[in-house]
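Just below is one structure, and these are the notes that go with it.
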2 protein chains.
Amino acid sequence: MNNKFIRIYEDIADRIRTGEIEAGTLLQSELDLSESYQTSRETIRKALKMLYEEGYIQKIQGKGSIVLDIRKIDFPISGLVSFKELAKKMGHRAQTYVKVFKEQQVDQALHKKINFGLNEQVWEIRRVRKVDGEYVILDKDYISQRLVPGLSKEICNDSIYEYIEQELGLSISFAKKEILVEEPTAEDRELLDLEGFHNVVVVRSQVYLEDASQFQYTESRHRPDKFRFVDFARRR
Amino acid sequence: MNNKFIRIYEDIADRIRTGEIEAGTLLQSELDLSESYQTSRETIRKALKMLYEEGYIQKIQGKGSIVLDIRKIDFPISGLVSFKELAKKMGHRAQTYVKVFKEQQVDQALHKKINFGLNEQVWEIRRVRKVDGEYVILDKDYISQRLVPGLSKEICNDSIYEYIEQELGLSISFAKKEILVEEPTAEDRELLDLEGFHNVVVVRSQVYLEDASQFQYTESRHRPDKFRFVDFARRR
DNA sequence: AAGTGGTCTAGACCACGCT
DNA sequence: GCGTGGTCTAGACCACTTC
């Protein structure tokens with residue numbers, strides 16, 4: 001197996017999660033670790049850098065690496081996670097209903113809203129998500145047909161990301177997101193259980209593949225009481 | 001001056017921001033760059049890693065480093081930025097009013113909400129922020145007196161972070177945040193201009209110093225129309 | 001095959017915390 | 001002064017893209 005530093009990262013991360021290495025204590029020094037793992041110090045430093053970035057440890061020059069309390073970070077879903085993965089992680093009974101699935105050409109109006117080229121063919125998808133018996137999320141997706149061919153209603157019902165990564169063998173790489181609060185539209189009122197709610201939380205995302213090409217634009221509209229965003233941020 | 005890789009990072013970042021290096025093009029190869037900057041390839045790689053993490057470039061093995069369109073990321077304020085810095089960056093005419101400034105002992109009720117120890121002394125602060133003529137943010141802070149001694153109403157009116165970093169010489173390191181939408185409290189209604197608004201966006205943060213000690217707990221309550229959160233996320 | 005980024009090494013020196 | 005993490009180097013080999 002490749003990637004020595006990732007194996008070391010995973011090993012230490014596991015030992016922190018299980019509590020074998022306790023929060024508040026210091027890790028072995030980098031020199032000690034390089035001997036324990038039979039590797040060079042730079043490789044250890046790569047593994048520690050990952051642990052640092054994921055919030056497992058805090059490094060202090062001259063002192064050592066403090067193990068942080070990972071339990072408090074519980075679900076840092078700031079990243080890029082599909083609804084299916086998320087629901088599973090949160091232990092929700094969740095269902096997806098595809099309301100619209102059609103092919104669409106990017107016209108002037110759409111071109112202004114999203115980043116795709118004029119006249120490019122896209123899949124236009126509307127899905128509602130039912131969580132614990134209520135319709136609380138409406139997802140409006142536009143996905144490039146050129147980059148993601150062969151999409152179907154059935155795939156949308158399951159997981160588009162799984163299809164892209166496992167069937168097409170593409171890698172989803174990064175996203176730019178914007179979170180705002182807006183008034184519900186007529187469509188929101190029609191498709192979601194919004195009685196008594198005066199706002200929806202709107203998450204607009206542009207999602208990119210590994211070669212930096214944008215394949216997706218999504219507007220995800222959430223009932224405000226069911227919205228939660230957790231973030232772990234380091235000062236730059 | 002120290003930190004060669006940071007200087008290289010800043011130099012390339014500047015050239016991307018000004019458009020001297022165009023989005024969509026490839027950077028020089030790492031070997032070329034190491035010659036241009038008279039340094040080793042590993043040092044170049046450190047600088048490129050930073051550019052990658054900040055969303056300036058996308059690296060593709062065997063091909064090169066693609067320059068991304070940084071304009072689309074405009075203000076990724078996902079990190080840890082003081083209100084003063086943020087207002088300045090956004091070009092807002094903003095003012096802060098300190099409504100409450102007192103010393104407080106952590107009692108049972110507070111202990112459950114925040115992470116500080118029972119009976120610890122904290123500063124309790126309430127501030128409202130006026131942006132473009134309207135009161136739109138209410139900040140409720142609890143700050144450890146042990147870690148941040150000598151706070152005053154005047155400092156709270158200016159910038160607590162500036163005081164901590166510049167006067168006390170401490171380094172703010174990381175934060176855990178949670179974003180939710182809630183009903184306004186009586187206090188929200190009293191201190192903010194909320195006519196016609198049925199929700200507030202609540203950002204709860206725990207903020208830590210470099211030695212991993214938590215010095216602050218903040219509840220920041222925003223009028224929903226003035227709330228915007230921008231995020232750049234890479235898939236893990 | 002040539003050129004690119006990805007991993008790994010062994011060693012050097014520096015900056016910082018602790019005692 | 002000693003041990004810690006932070007920076008930097010020069011070189012090796014591997015994996016991938018492109019021609």
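Every chain is numbered from 1, with letters handed out A, B, ... down the list of sequences.
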Residues from residues 35-45 of chain A lying under 4.0 Å of DNA chain C - heavy atoms: A/Thr39, A/Ser40, A/Arg41, A/Glu42, A/Thr43

Just to confirm, is there a sub-4.0 Å distance from OP1 or OP2 of D/dT7 to any side-chain nitrogen or oxygen of B/Lys4? no

Please collect all side-chain hydrogen bond (donor to acceptor under 3.5 Å, both in side chains) contacts where either partner lies in residues 59-68 of chain A, sequence neighbours excluded, each pair once. A/Glu30-A/Lys59

Whole-Å gap separating [atom2] ([N]) and [atom1] ([X]):
| X | N | atom1 | atom2 | result |
| --- | --- | --- | --- | --- |
| B/Asn3 | C/dC13 | CG | C1' | 14 Å |
| B/Glu30 | D/dA15 | CD | P | 17 Å |
| A/Arg7 | C/dC8 | CZ | C1' | 12 Å |
| B/Ile57 | C/dT4 | CD1 | C1' | 13 Å |
| A/Tyr9 | C/dT7 | OH | C1' | 18 Å |
| B/Ile66 | D/dT17 | CD1 | C1' | 12 Å |
| A/Lys49 | C/dT7 | NZ | P | 12 Å |
| B/Phe5 | D/dT9 | CZ | P | 12 Å |

At a cut-off of 3.5 Å, list every protein nitrogen or oxygen paired with a nitrogen or oxygen from nucleotides 16-19 of chain C, distance to 0.1 Å.
| unit_1 | atom_1 | unit_2 | atom_2 | d |
| --- | --- | --- | --- | --- |
| C/dC16 | O4' | A/Gln61 | OE1 | 3.4 |

Please identify each residue that fulfils ring-ring contact (aromatic ring centres under 6.0 Å, His included) with [X], with sequence neighbours left out.
| X | answer |
| --- | --- |
| A/Tyr217 | none |
| B/Tyr52 | none |
| B/Phe101 | B/Trp123 |
| A/Phe227 | A/His222 |

With sequence neighbours excluded, residues passing side-chain contact (heavy atoms from CB on, under 4.5 Å) with B/Arg146: B/Glu120, B/Ser144

Partners meeting side-chain contact (heavy atoms from CB on, under 4.5 Å) with A/Leu168 (sequence neighbours left out): A/Val148, A/Pro149, A/Tyr163, A/Leu170

Flag the pair A/Arg127 and A/Asp141 as a salt bridge only when some basic side-chain nitrogen lies within less than 4.0 angstrom of an acidic carboxylate oxygen. yes

Basic-acidic side-chain contact under 4.0 Å: B/Glu219, B/Arg221: yes

